[in-house]
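A quick write-up on the structure given underneath.
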Amino acid sequence: MPGSPRRADRGPHQRALAAKLAALADGAPPWGRWPSAAPARRGLDRMPPIDIDPAAITGTPLERNALMAQRLAKVHALRQAAAGVAYPNDFAPSHTAAQAMHWFSSDPVHLHPFVALEQGAPMDLERPPPAGAPVVFSPRVHMAGRVLAINVKGKVAFLRVIDRTAAELPGLRAAENRARVATGLPERDVQVPTFQFYFSRDDDPDTFDRLFKPTEGAPWEGPLCDVGDIVGGEGLWFRTRTGEQSLWLKSAAGRPALRILTKAVRPLPDKFHGLADKETRLRQRYVDLVMNQDVREIFRKRSMVLRGVRRFLDDRGYVEVETPMMHTSLGGAAARPFRTHHNALDMPLYLRIAPELHLKRLVVGGIERVYEINRNFRNEGLSQRHNPEFTMLEFYRAYATYTDLMDEVEALIAELALQVCGSTTVHWGSEAGGTPREIRLAAPFARVRIADGLQRWAGIAEAGLGDERVLRARAAELGVHIDGHATLGKVQVELFEAVAEPHLVQPTFVYEYPAETSPLARRNDRDGGVVDRFELFIGGIEISNAFSELNDPVDQYQRFAHQLDQRAKGDEETMDLDIDYVRALEYGMPPAAGCGIGIDRLVMLLSGAESIREVILFPHMRPEGAGGGERPSAEPAPVAG
RNA sequence: GGGCCGGUAGCUCAGUCGGUAGAGCAGCAGACUUUUAAUCUGUUGGUCGAGGGUUCGAUUCCCUCCCGGCUCACCA
């Protein structure tokens, strides 16, 4: 149904816009006046991929989108106006929003609206400040950021702008609010991540009109500035009538008061509802970060967690190392791997499932306290708690036992909670009713043996703990699925985790694991059937796994051999026999204990995120448009015409 | 992989018991010199995820497929 007739009644502006866009689509230059003659109505009816300036944007996949076509035309207009430079890089901000705001927040005098005068400048006798208004001398301030809202009100415009200090502004505003209330002023909304540009047309009429008003005869006759653009402005810091600290844009030395530094040719999502679609949020994380402040906050906290972990361990004499991510044999954990291939050597490689065996080689070598924070890769299902690649901290400490590490982990987590959340009490997850759980991360944490948990939560009598048939029968009663290949120890652990995890909301060390499920852990001196190992559960999920290390090379060799037996019986998650690791142990590894902590999960806990994908910037997703479907190809859009 | 729910304008969402769709925001235009989700007025914009079937007619009903969310199972 080409040429739909219902468009015939569009008004003069729409006709002009259609003509404008049609001209662009035909490759005609976008400058010049709108044609007065009735244009051919085709631009908006069948908009081809638009390529306004092939030299600048060839190769960019552009969509059939009138909004983008307009903005590309604005880019062209900007280029015309700036001697060919549409994306300048000569603007140097002098202040961030936080710096500028901090500058005036502490002084009660400045809490009231005032007139700003440029430092060193003579009083403008033609425009003297109103009688009684306080006058403050401001330095010339240059600030930049992304425009999140434009509010043009007659001959004055307000821009909400966000810069890298967005996360600090609520804190500054809160402090300012306290001072305001103390001086009898009304409170203001604190949770505002943006700062404000104030632009009065009187201060730079040309720039004002070009950016915010339609201008007949200009290369693009509409306003050039849109929400999403990255702008730089200069002027004086002051406080508006309503008490909002703002940059009062004023031109100087012939420079425009406000410049578009980067034109956003793709529009941002709805300024109020923001970006809600979960898929788009994760795939286009850059938009998510622009629109959603809580997302920025999560990753700020993640950075703080990593910094805090490093500081904690560095202060205790640990050395940070990096060990290979590509392994020739599987070890250090029970998991299925990703496989890859080295072409020149023509050999298979695995992405590592754990760094453990390399780190303990370093302990053999005399790095008695060592840690690594890096990615592990496990070829298993995805879930709220699992991403194929995840960040793991592992640290090893000679002359220490797993109970020593319990103390160390308690101290680490409590300290991180204080640094990141300001409290050892955090709120995380939701119970059935939807209320967040309060989790107390102050030491000491509860400690519970596997055997105790089985008795308490699965109702197994003490006599039945060692009887695989009893355990399997109880598991079946409880509806807990247990793998048919599982041996006694594995049945114990699986049943325990199934029944106990709901009870492990507050931090709890679970310990005394069966030896057969822990081929790298040291046997308990009194009971050789269990190993000196713990897992730390918080919020019902496993955060950490640690044990006293097995340093008896003969025992280690036999445990590897047992793993191979298990594999022969069908267990897919067994370790390879790492003969070089045994050789290392033969040289002698000091008694030691080691610990792994899932950083992603720890960040979830400390940031309140319920899904691991919320705390990973780019979580694994299927490739966009995988398997059929009509997706824009990655090839350059054909030039129109 | 199984189950449940979903895909409608650039964004957030309504709606159509089968007769080719609406709102708010964004855009365009008008008014407005201290707003802050500004307001008021007018207006543009849609292959209703893709393909096939039934039908005079499908965005709606049926089938298949694609994509996503939640969830179960393995795993940290």
Side-chain angles (χ1 to χ4, degrees), chain A residues 1 4 7 9-18 20-21 44 47 63 65-71 113 148-160 188-189 192 194-196 198-203 208 213-214 221-223 226-228 238-244 246 248 266-280 282-283 287 291 333-336 353-354 376 378-388 390-392 481 483 494 497 535 537 541-545 572-573 596-601 611-612 621-622 624-631:
Chain A
M1 41 141 216
S4 75
R7 293 211 168 84
D9 56 353
R10 57 162 62 110
H13 290 298
Q14 281 66 46
R15 279 200 302 277
L17 176 61
K20 188 87 167 175
L21 292 171
L44 290 176
M47 179 75 73
E63 296 176 358
N65 179 332
L67 295 183
M68 288 184 63
Q70 288 170 13
R71 290 180 174 216
L148 290 190
I150 300 173
N151 174 9
V152 181
K153 189 180 186 304
K155 295 192 167 49
V156 68
F158 298 90
L159 278 71
R160 308 268 9 152
R188 299 181 55 81
D189 184 10
V192 180
T194 51
F195 63 104
Q196 180 169 272
Y198 167 80
F199 195 1
S200 167
R201 186 176 183 279
D202 292 341
D203 289 312
F208 188 93
K213 293 288 180 186
E221 299 192 341
D226 290 298
V227 168
F238 84 122
R239 193 182 293 274
T240 64
R241 185 185 299 167
T242 55
E244 174 88 7
S246 310
W248 184 353
R266 193 179 286 274
L268 284 177
D270 181 291
K271 70 181 169 194
F272 184 59
H273 298 96
L275 181 63
D277 180 69
K278 285 186 184 174
E279 184 196 356
T280 313
L282 298 178
R283 285 195 192 282
V287 182
M291 300 303 295
R336 274 177 278 184
I353 56 174
N376 289 346
R378 299 193 182 172
N379 205 340
E380 289 152 0
L382 285 68
S383 81
Q384 276 205 322
R385 314 256 182 279
H386 298 86
N387 195 58
F390 61 101
T391 300
M392 178 84 114
H481 171 80
D483 187 67
E494 289 194 9
E497 290 185 348
E535 290 192 359
F537 287 82
I541 62 173
E542 184 189 335
I543 295 288
S544 174
N545 177 20
E572 290 183 60
E573 298 176 347
I597 293 180
I599 294 293
D600 309 289
R601 290 182 172 182
S611 166
I612 197 167
M621 302 191 74
R622 301 175 108 108
E624 205 168 353
E630 284 186 60
R631 285 301 200 163

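So you know, we letter chains A, B, ... as the sequences are listed, proteins then strands, and number each from 1.
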For A/R201, answer base if it contacts any base atom (sugar-phosphate contacts may also be present), sugar-phosphate if it contacts only those atoms, and nothing otherwise; contact means non-hydrogen atoms under 4.0 Å.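 Nothing, no nucleic acid heavy atom in range.
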Whether A/R283 contacts B/rC67 is assessed here as follows: a side-chain N or O lying under 4.0 Å from the phosphate OP1 or OP2. Is that the case?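 Answer is no, no contact under 4.0 Å.
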For A/P269 and A/I543, take the nucleotide of RNA chain B holding the closest heavy atom to each; which residue's nucleotide lies nearer the 5' end?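 Mapping each residue to its closest nucleotide by heavy atoms, the 5'-most match is A/P269.
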Of A/I612 and A/K155, the one whose closest RNA chain B nucleotide lies more 5':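 Final value for this comparison: A/K155.
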[options]: which one has an atom nearest the side-chain heavy atoms of [X]?
| X | options | value |
| --- | --- | --- |
| A/D226 | B/rC11, B/rC75, B/rC28 | B/rC28 |
| A/P267 | B/rG10, B/rU34, B/rC11 | B/rG10 |
| A/R378 | B/rC28, B/rA76, B/rG30 | B/rA76 |
| A/E542 | B/rA76, B/rU33, B/rC28 | B/rA76 |

With the criterion being N/O to N/O and under 3.5 Å, what pairs connect the protein with nucleotides 36-39 of chain B, and how long is each?
{"unit_1": "B/rU36", "atom_1": "O2", "unit_2": "A/R160", "atom_2": "NH1", "d": "2.5"}
{"unit_1": "B/rU36", "atom_1": "N3", "unit_2": "A/R188", "atom_2": "NH2", "d": "3.2"}
{"unit_1": "B/rU36", "atom_1": "O4", "unit_2": "A/R188", "atom_2": "NH1", "d": "3.4"}
{"unit_1": "B/rU36", "atom_1": "O4", "unit_2": "A/R188", "atom_2": "NH2", "d": "3.1"}
{"unit_1": "B/rU36", "atom_1": "O4", "unit_2": "A/T242", "atom_2": "OG1", "d": "2.3"}
{"unit_1": "B/rA38", "atom_1": "OP1", "unit_2": "A/K271", "atom_2": "NZ", "d": "2.3"}
{"unit_1": "B/rA38", "atom_1": "N7", "unit_2": "A/N151", "atom_2": "OD1", "d": "2.6"}

Once pairs are restricted to Watson-Crick or G-U wobble with both distances under 3.5 Å, how does RNA chain B read as a dot-bracket string, [ ] for crossings and | for other-strand pairs? (((((((..((((.....[..)))).(((((.......))))).....(((((..]....))))))))))))....
Interatomic distance, A/F158 atom CZ to A/F199 atom CZ [nearest 0.5 angstrom]: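 Spacing of CZ (A/F158) from CZ (A/F199) equals 12.5 Å.
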Within-4.5 Å side-chain heavy-atom neighbours: A/D226 and A/P267: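 Not touching, per the 4.5 Å side-chain cut-off.
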Would you confirm whether A/T242, through its side chain, and A/T240, through its main-chain N or O, come within 3.5 Å as a donor-acceptor pair?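 No, A/T242 side chain to A/T240 backbone: no donor-acceptor pair under 3.5 Å.
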